[in-house]
Amino acid sequence: MHKRAKIYLDRQFQIGEVDKRIYSSMIEHMERVVYGGIYEPDHPKADENGFRQDVMDLVKEMKIPMIRYPGGNFLSGYNWEDGIGPVEERPVRLDLAWIGEEPNLIGTDEYLKWAEKTGTEVNMAVNLGTRGADAARNLVEYCNYPKGTYWSDLRRKNGAEEPYKIKTWCLGNEMDGTWQICHKTPEEYGRLAVESGRLMKKVDKDIELVLCGSSNTTISTFPSWDMKVLEEAYDVADYISLHNYFSVVDNTMENFLAGNLELERQIETITAVCDAVKAKVRSDKTINLSFDEWGIWNREETANRAKWKFDWSDKNAVSEGSYSFADALLTGGILISFINHCDRVKIACQAQLVNHLSLFNCVKGGPVWKQTIFYPFFYTSLYGRGTALRPVTESPCYSSRDFEQVPVLETAAVEDSEGKMLTLFLLNRDMNDGLATDIVLRGFEDMEEMEHIVYCCQDLEAVNTANEPDKVVPCKKAPGSFENGIYRTELEKCSWHMIRFQRKK
Ligand code: AHR
């Protein structure tokens, strides 16, 4: 017999507006993300700038609003000036983060052109590893100052007459990590961030700044790092960053599938830290959260990366691999958690877009293929926009390695801005049973079911590959019953769902 669950939704009980930037991604100069990913000049589908149009089309299809660039760990050794001006004059540099050679064929102007063509906003990051305040303020001047100064006129000479008006800027990357180029103590980083941020905001008062928070929750300095850097730099910051990657390796499947509960704990901890510092520094400003790197380390990429020598004999090594269906379920769960924390999480960047821990991969000279994780991301990005409702859920629970109570059912609900559509995202992470689910929809009685997409697969380890790109794909499900404001459906074991309702015509 199936287990039972019940969800209550009321049109009046709202969490807040979903910031569409929670459906952002990331592009770093590493592996085949830029070269061989977005840029492949010899590809039959390359445009006049060498950018793959099939990749651009997919980014548009997913409606990705913003992409963080150019890193990642790469950022902390990057000289942005190497990537501007005539391409043939640009230096090839050693990339000490990933032990490779950076040809600088793609730099600020090329990337911004790509972003314009794909309709994505840029979340630009400044190097606070080997560089600092001066390089950071110059980059803001290059990108955002209209004209008449050294850097703004250089941008115009390089072909961009109008300023790029980049709004969101990251102050460095993972500066708490000992792996980071020029890793810093919180006091050192906090001072550098506040001084850099002040200069950047002097150049352009309209920009918003993201302070580097902890790189993960297992690092010993979590969350005291966040507390200290906020104390130093509260004035200039608008957001603090969170990063987290989940893995089924050295984990149990039950615990892995509950990974979004760890993410929620992390969000709630850092929210509390932000508000404690707000009180301490007696500020009226609220710092929001930018989860600007999140993702899953799949089995294959973990195994491939373990073979890396991290020396020059092995330069430009790649770790590419395939995501499993279980990875897709957790991806769906994480996106549900972001919607349910939309009052504080305003930005979230899935890492990364293409070829590394990616939504989709590119075959050299060939097609793009979609990873399993593509689908929950795609549907949530398209339809998870509007006002998030606060679901109350009665669900069976199980216990796992890190959690005493894991509800098998996760729910998020979003009403669109015109009040014409209600979309539910559901995850049943029960590995043994389906779930007979009743959904009470108060204030939505005049709606009807429009579509139900189900994503389920008997084999949690099943993957898509270049040769079998459509092995694990979602499909449409027959309508449930909807009477007197109660919608009834069955959620298969280990399944993710999107159910859309529309107002009756
Ligand atoms: O794999 C992406 C890397 O993970 C990023 O460069 C870094 O910020 C994170 O540790």
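Each ligand, and each atom within it, is numbered from 1 in the order the structure gives.
- R68 contributes atom CZ, which lies 4.0 Å from atom CG of D292 (distance to the nearest 0.5 angstrom).
- Rounded to the nearest 0.5 angstrom, F403 CZ and L261 CG are separated by 5.0 Å.
- To the nearest 0.5 Å, the span separating CG on N298 from CG on D327 amounts to 6.0 Å.
- No N or O atom of W98 sits closer than 3.5 Å to an N or O atom of ligand 1.
- Between W225 and Y189, the ring centre distance stays below 6.0 Å.
- At a heavy-atom distance under 4.0 Å, no atom of F74 approaches ligand 1.
- For ligand 1 and N173, the ligand atoms under 4.0 Å from any heavy atom of the residue are 8 (O).
- Not counting sequence neighbours, E468 has no partner by the salt bridge (Lys or Arg N to Asp or Glu O under 4.0 Å) test.
- Residues F325 and Y455 bring their aromatic ring centres within 6.0 Å.
- Heavy-atom proximity to G72, at under 4.0 Å, picks out these atoms of ligand 1: 5 (C), 6 (O), 8 (O).
- For atom 10 (O) of ligand 1, the closest heavy atom belonging to the protein is E174 OE1, 2.7 Å.
- The shortest N or O to N or O distance between N73 and ligand 1 is under 3.5 Å.
- Closest to atom 6 (O) of ligand 1 among all protein heavy atoms lies E28 OE1, 2.7 Å.
- Distance from atom 1 (O) of ligand 1 to its nearest protein heavy atom, with residue and atom name: H356 NE2, 2.8 Å.
- Below 3.5 Å of separation, one finds no N or O of R305 facing any N or O of ligand 1.
- Distance check: N104 CG to W80 CH2 gives 12.5 Å after rounding to the nearest 0.5 Å.
- Protein heavy atom nearest atom 9 (C) of ligand 1, with residue, atom name and distance: E293 OE1, 3.1 Å.
- Shown in contact with Q352 at under 4.0 Å from a heavy atom are these atoms of ligand 1, numbered in order with element: 2 (C).
- Within 6.0 Å of CD on E116 lie no more than 12 heavy atoms contributed by other residues, nucleotides or ligands.
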